[in-house]
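Side chains are part of it too, since the values below use all heavy atoms of this structure and drop only hydrogens, waters and symmetry mates. This structure is a prediction, so every number in the text was calculated from the model and none was measured. Note on naming: letters A, B, ... go to the chains in the order of the sequence lines (proteins, then strands), and numbering restarts at 1 for each one.
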Amino acid sequence: MDATVAFFYDLIPALSNLPDWLSYTIIGAVLTVGAFLFIAVFALIGIWLERKISGHMQDRLGPMEVGGWHGWAQTIADTVKLLVKEDIIPEKADKFLFKFAPFIMFTASMAAFAALPWSARFIPANLNVGLLYILSVSSLVVIGILMGGWASNNKWSLYGAMRSAAQMISYEIPVALSLIVALLLTGSMDMQEIVRGQAGGIFNWNIFGYFPLLFIAFIIYFIASLAEVNRTPFDLPEAESELVAGFMTEYSGMRWAFFMLAEYANMFVVSAISTTVFLGGWQPIAPFLDFIPGPFWFLGKALFLVLIQMWLRWTLPRLRVDQLMYTTWKVLTPFSFALILLVSFIKVL
Amino acid sequence: MSKSNLPPTQFELEISDDLKTEEMTLSMGPQHPSTHGVLQVILKTDGEIIKSAEPVIGYLHRCFEKHAENVTYHQVIPYTDRLDYIASMNNNLGYAIGLERMMNLEVNERAEYLRVIVAELNRIASHLIALGTYGLDIGAFTPFLYVFRDRELILDLFEELCGARLLYNYIWVGGVAYDAPQGWIDKVKEFTDYFEPKIKEYNDILTFNKIFIERTANVGVIPPEVGINYGVSGPSLRGSGVNFDLRKDAPYSIYDRFDFDVCIGKGEMGTVGDTWDRYWVRVAEMFESVKIIRQACDAIPEGDAKETVPRNIKVPPGDYYMATETPRGELGYYIISDGGKNPNRVKVRSPAYSNLSVLPAIAPGVMIADLVAIIGSLDIVLGEIDR
């Protein structure tokens, strides 16, 4: 927390005159609200963007009416609608778990924002095991999904929840293993350390380390992370043509919106992780572009990956459950193990 | 999971005896996104694996037969529109030809050509929907909108021809309702030139997509003898490699004058008769339909298409069964006449109904996701099943 606190003291010198407990609380509150606002705004823009992108990919326009310019206010209008919608809880649902599930899911994705490095100086919580922390909190998401699916007391929801549990637990393995490949190169779990190790232009980024070994690790991570966030072609937990809406079937109004929000937040988190670990985080593409601030690069790279996720979603069909399991256990996991062996071997030499 | 003695996509769970398990009964539909309407399927599942699937139909029953008994022969035609609302032209055609054969009515040449053109255009439109919704079932959303973009052009052509976009009431006994407006034939030709390259676009995005092939090949195999026993017809039967197309085997209208091939499934991606084959037959049939339309547009004579449409329909007493090839298969009209103004009875042999009946035979052992793929590949229209 020290770096962050110092950052805030620099920004607002008056804070340092306050007692420690007060200034720490203020900074914590500001960061939390900031992260929440970022997620909310990102989801608003992300959903609008996804609609426009899918629209143009599909020879149509997407939203055009609300707000005037290319329907920019469409998601805002939708949010207002969701906020004032009737809150329906199925009669036979487990009411407590049903209400609780969206918040678990949202909290898990929001907690990951604490350890994302936005620039050389700004990281909400500079943990020395930042990567491990993000991996662990983001796997809490599955508990939210499982809870929601179980509590809905609906067989389709249950199917969605079971699929999701199997899928996310399986895919966490290749996710972690492919990140380990990069960690072997960096030698640290500290997010800032990882980024600092990739200074000096695009060819020093981890993705080009031991070319093409780390590149393959990046691809493995990207595929596995798609499954982690339930995006096509791995959107089985909410497969709308099979399971109606999977674990979200019985949800409506704001609770549903929270699931949606968490989904978009997760999309950003996994992209931010690959940005940090493989694509040089806040480092510019070339050293002479240093004058452009770090958050621009960080956000730009992460959004680029989000864009690819959207692109894939509107292009590919969906896998079947057994094919999904085949992909992770027989393809991704062995390959990432092989990569770990190869990279450590080269490193020892 | 063991795969012994089963096709590679059918599974059996191995459960030890001391483990207490239960089958889950699952009601899929009538409000399910991929049952293509208001079909209900009662599933017994063991995990994701289906033990049995029972289709429940009747949610869209509209008493077609009773209506047909109480209206005049001409007034039945709009009701035939509403059977298979995706391919109304083909529905009109079968009924009209049946009556013409009972009445020994000669139909004007130009009307015959117009009938073939609209029937084949409608076949393309119907297969396009089959393609698009099948993509949706597998989880690909984008092809759905591509096919609707092109189907729209066909609907525009129909709108120009008869004013309606879905339920045409165009093919009448003895001819057609309206002659083609000036320049319409050229527009149809333009459309065929535009459309043929577009099929390649669908193939690129969907047909030969690796994931799509993985999901559809070897899934829901209908062996030819099973298909025949259950009365499956149309692309669903041809997908199993059976060469049966009423346009060739029992030519009606002027289909014997055109040069086209019957497309059958060859098992290119997996087993003969799997869902990919059924899908591919539809894609290939669109090429054939384009071929027929081109030939018809070139050969269509001048004249008055309404010349032979009689004012009053007097059908001699008797009965006749007229089967035609619609996009879904053999659509049969069994028409009984007692010589009066109204038909005594019009019984419909609906292809989608028979095609759906094969579902309980091929569903056990597949996963829920595959069941969706199978229902989609049978290309059912509930309006025709329930009538």
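The heavy-atom pair separating M367(B) from V321(A) by the smallest distance is SD-CB, 4.4 Å. A pairwise comparison of heavy atoms in N209(B) and L316(A) identifies ND2-CD2, 3.6 Å as the closest pair.
Heavy-atom contacts from other residues, nucleotides or ligands closer than 6.0 Å to CZ of F287(B) number more than 12. Sparse packing is recorded around CZ of F304(A), with 12 or fewer heavy atoms of other residues, nucleotides or ligands lying under 6.0 Å away. Residue-environment remark: CD (Q31(B)) stays at or below the threshold of 12 foreign heavy atoms within 6.0 Å. Applying the 6.0 Å contact sphere to CD of E196(B) captures more than 12 heavy atoms from other residues, nucleotides or ligands. More than 12 non-hydrogen atoms from other residues, nucleotides or ligands lie less than 6.0 angstrom from OH of Y85(B). Atom OH of Y194(B) has more than 12 heavy atoms from other residues, nucleotides or ligands within 6.0 Å. The 12-atom threshold is exceeded at CH2 of W314(A), counting heavy atoms of other residues, nucleotides or ligands nearer than 6.0 Å.
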Any chance you could lay out the side-chain contact (heavy atoms from CB on, under 4.5 Å) test for E214(B) and R320(A), step after step, and finish with the verdict? CA-CA 9 Å; E214(B) 287 287 320; R320(A) 200 173 52 215; over 6 Å; no
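Remark: the backbone N or O of M24(B) is not paired with any side-chain donor or acceptor of K155(A) at under 3.5 angstrom.
Looking at M28(B), both its backbone and its side chain come within 4.5 Å of chain A, counting heavy atoms on both sides. For R313(A), no part sits under 4.5 Å from any heavy atom of chain B, backbone or side chain.
For a heavy-atom cut-off of 4.5 Å, chain B lies close to M57(A), Q58(A) in residues 42-58 of chain A. Listed by sequence position, I138(B), G139(B), A140(B), F141(B), T142(B), L145(B), Y146(B), R149(B) are the residues of residues 138-152 of chain B in contact with chain A, using a 4.5 angstrom heavy-atom cutoff.
Not counting sequence neighbours, the partners of Y159(A) by the side chain to side chain donor-acceptor pair (under 3.5 Å) test are T45(B). Under the side chain to side chain donor-acceptor pair (under 3.5 Å) criterion, E190(B) pairs with no residue at all, not counting sequence neighbours.
The most heavy-atom pairs under 4.5 Å with chain A, out of L206(B), I368(B), L371(B), I205(B), come from I368(B).
W156(A) is listed as a side-chain neighbour of L26(B), based on a closest heavy-atom distance under 4.5 Å.
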